[in-house]
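Order of the sequence lines sets the chain letters (A, B, ...), proteins ahead of strands, with each chain counted from 1.
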There are 2 protein chains.
Amino acid sequence: MTKPPHAGSADVAAARLRSIPEASVARLAVYLRMLGELAEQGAETVSSDELAAATGVNPAKLRKDLSYIGSYGIRGVGYEIAALVRQLERTLGLDHLRAVALVGVGNLGHALAGYSGFGGRGFPVTALFDVDPDLVGIHINGIVVEHVRSIPQVCAERGVTIGMIATPGPAAQGVCDLLVSSGVRCILNFAPVVLQVPHEVEVRKVDLAVELQILAFHVARKHLAGQDAATVNGHIIEHASNGSGGMLP
Amino acid sequence: MTKPPHAGSADVAAARLRSIPEASVARLAVYLRMLGELAEQGAETVSSDELAAATGVNPAKLRKDLSYIGSYGIRGVGYEIAALVRQLERTLGLDHLRAVALVGVGNLGHALAGYSGFGGRGFPVTALFDVDPDLVGIHINGIVVEHVRSIPQVCAERGVTIGMIATPGPAAQGVCDLLVSSGVRCILNFAPVVLQVPHEVEVRKVDLAVELQILAFHVARKHLAGQDAATVNGHIIEHASNGSGGMLP
DNA sequence: GCAACTTTGTGCGTGCCTTCACAAGCGACT
DNA sequence: AGTCGCTTGTGAAGGCACGCACAAAGTTGC
Ligand SMILES: NC(=O)c1ccc[n+]([C@@H]2O[C@H](COP(=O)([O-])OP(=O)(O)OC[C@H]3O[C@@H](n4cnc5c(N)ncnc54)[C@H](O)[C@@H]3O)[C@@H](O)[C@H]2O)c1
Ligand SMILES: NC(=O)c1ccc[n+]([C@@H]2O[C@H](COP(=O)([O-])OP(=O)(O)OC[C@H]3O[C@@H](n4cnc5c(N)ncnc54)[C@H](O)[C@@H]3O)[C@@H](O)[C@H]2O)c1
């Protein structure tokens, strides 16, 4: 295959990066966190079956995911956790910190700004922006909120590589343009709008209303699937809110 | 095909629900929101090309998505927005409200509880839970925070069908079990743990750290992909913030 | 040193999703 | 009324992802 008999050089890693399926990247991040927990509990090695069970994926899929990053497990034993963690961090680009800027320090923005899970995982929130004069100037977690117009300057100074947008929907595109013009190429968007960006910019959207709607769809589907499932637990209330919608033949 | 010459009957919808691809459901929700905006702006019809451009998807994919819900556009014209919205809402199960319970009213939970985007879209947050005695009893947006131990009773009383978990990671599984035993079959989980649930329960996880790691991976990939992409546009800044490749010590 | 057992890495079939391309249908204009 | 242009709906093909199943490779026990 494309895999040379010996690995570890930088260009091998570079070649692999291009070919890791997006879906696998998402799972690798989950494995990484679980491995961290296992390491804390004192485990030294872990088998694909164990790790798969803990993360809720198929063991074969997990092994295939890990094979993309060229990490070598030990047959008959499993994976050495410490080495695997190192390898995963390198592959995911976590071997150096990524400064994050957060724009929009409202309800959601406050929660995000105060969240330790970002900095603790290599994504220090390094800059905060808003337009509200009442917010500009205050400190959150030791970081001062700056005015949006400072985005280009501050992002450049602090080497921001990732932007998070938590403004109201109508403001999001403008903020996004500002970030992009400041050199930010990766954006995590919480506003319920589809951002238009140049092709070289990567946007991921966190859309909670959509998540709920997907769940609601499944609720509806379960309804239509019939009563058999509904009585499994014996006392499902099922909340038959109306008579016209639930038409079951 | 499976499509009868005339549609609109309820069992046709029922049959279709089962066969809509998961990926399409997620996009349908996005179309729905965009259609709402278009309607507000006074538009009466929209073509697949316009709607696709606005939501950032391929026009053919959009038409196929819409074909799953059996909505009929008008050839040569486009889709009648009002009718399409109605049809989408029926399909996604938005024709009746889905009561939502939120467990964990900390930083993130406060933002979620105060967010009007849920109730406004058919997902009223109807119950709040926490274990912190300082929080139990306070009101947020007119809803009183109850103790976690009341979950079964309150969820049953208020017909909760969807649960959101915003507790610390270690508490999430226990909370999840409580929700499930109360009849909640759909869960949106913000805690960074993989929940174990019976197969009939649907869990969706919102994992922001993973989102950032996916973005970080793309940052790394762009770096390694080389300069060719960086010069495509002629004046990409590439933000050579420091000589060592953007890593902060 | 050998045999039995365990676990990795992956080739391969299967099914889903995406995308192209085009026929069919509808309205507008002459 | 007929024709032209535009848009939908979908057949078909390609690509991607998933998961099975097994050979290769290592460990443990004797
Ligand atoms: N609160 C939630 O739980 C939640 C959930 C899902 C999605 N969202 C989305 O996240 C976004 C923020 O939600 P929120 O509840 O925090 O709203 P919010 O109104 O509390 O906060 C928005 C903040 O953005 C600031 N802002 C407005 N225009 C700006 C601009 N041009 N540049 C910079 N900052 C600007 C405001 O001053 C305010 O501080 C919204 O788009 C919302 O739809 C929020
Ligand atoms: N704050 C963020 O922006 C953010 C971002 C991503 C993920 N998260 C995740 O969301 C979760 C909540 O984050 P947070 O920042 O709000 O934390 P937090 O500590 O501010 O809030 C947690 C809340 O859960 C309550 N709680 C603890 N144990 C409970 C139990 N057994 N039952 C019910 N409630 C319980 C606590 O009393 C507290 O009010 C965490 O798992 C965190 O990793 C938060």
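Taking atom OH of residue Tyr72(A) and atom C1' of nucleotide dG9(C), one finds them 10 Å apart after rounding to whole Å. Atom CG in Asp49(A) sits about 7 Å away from atom P in dT8(C), given to the nearest Å. In this structure, Leu84(B) places its CG atom 13 Å from C1' of dT8(D), rounding to the nearest Å. Between the CG atom of Leu66(B) and the C1' atom of dT18(C) there is a distance of 15 Å, rounded to whole Å. One atom, CD of Glu80(B), and another, P of dG25(C), lie 21 Å apart when rounded to the nearest Å. Between the P atom of dT27(D) and the CD atom of Glu44(A) lies a distance of 15 Å, rounded to the nearest Å. In this structure, Arg63(B) atom CZ and dG25(C) atom C1' are separated by 14 Å, rounded to whole Å. Summarising the geometry, the separation between CD on Glu22(A) and P on dC17(C) is reported as 17 Å, rounded to the nearest angstrom.
In terms of position on DNA chain D, the residue among Val57(A) and Ser47(B) whose nearest nucleotide sits closer to the 5' end is Ser47(B). Where Lys61(A) and Ile74(A) each meet DNA chain D at their nearest nucleotide, the meeting point lying more 5' is that of Lys61(A). With DNA chain C read from its 5' end, the first of the two nearest nucleotides for Ala60(A) and Val77(A) is the one closest to Val77(A).
Residues Tyr68(B) and Val25(B) form no side-chain contact, since every pair of their non-hydrogen atoms from C-beta on lies 4.5 Å or further apart.
Below the 3.5 angstrom threshold, one finds no donor paired with an acceptor across the side chain of Lys64(A) and the base of dG9(C). The base of dT7(C) does not come close enough to the side chain of Arg75(A) for any donor and acceptor atom to sit less than 3.5 Å apart.
The phosphate of dC17(C) has neither OP1 nor OP2 within less than 4.0 Å of any side-chain N or O from Asn58(B). The phosphate of dT8(D) has OP1 or OP2 within less than 4.0 Å of a side-chain N or O from Ser48(B).
In this structure, Leu84(B) CG and Thr45(B) OG1 are separated by 11.0 Å, a value rounded to the nearest 0.5 Å. If you take CZ on Arg86(A) and OG1 on Thr91(A), they are separated by 12.0 Å, rounding to the nearest 0.5 Å.
Under the 4.0 Å criterion applied to side-chain N and carboxylate O atoms, Glu22(B) and Arg204(B) are assigned as salt-bridge partners.
Side-chain proximity of Tyr79(A) to the nucleotides dG9(D), dC20(C), dG9(C) is greatest for dG9(C).
For the pair Arg63(B) and Ser48(B), the tightest heavy-atom approach, listed with the atom from each and the gap, is NH1-OG, 3.0 Å.
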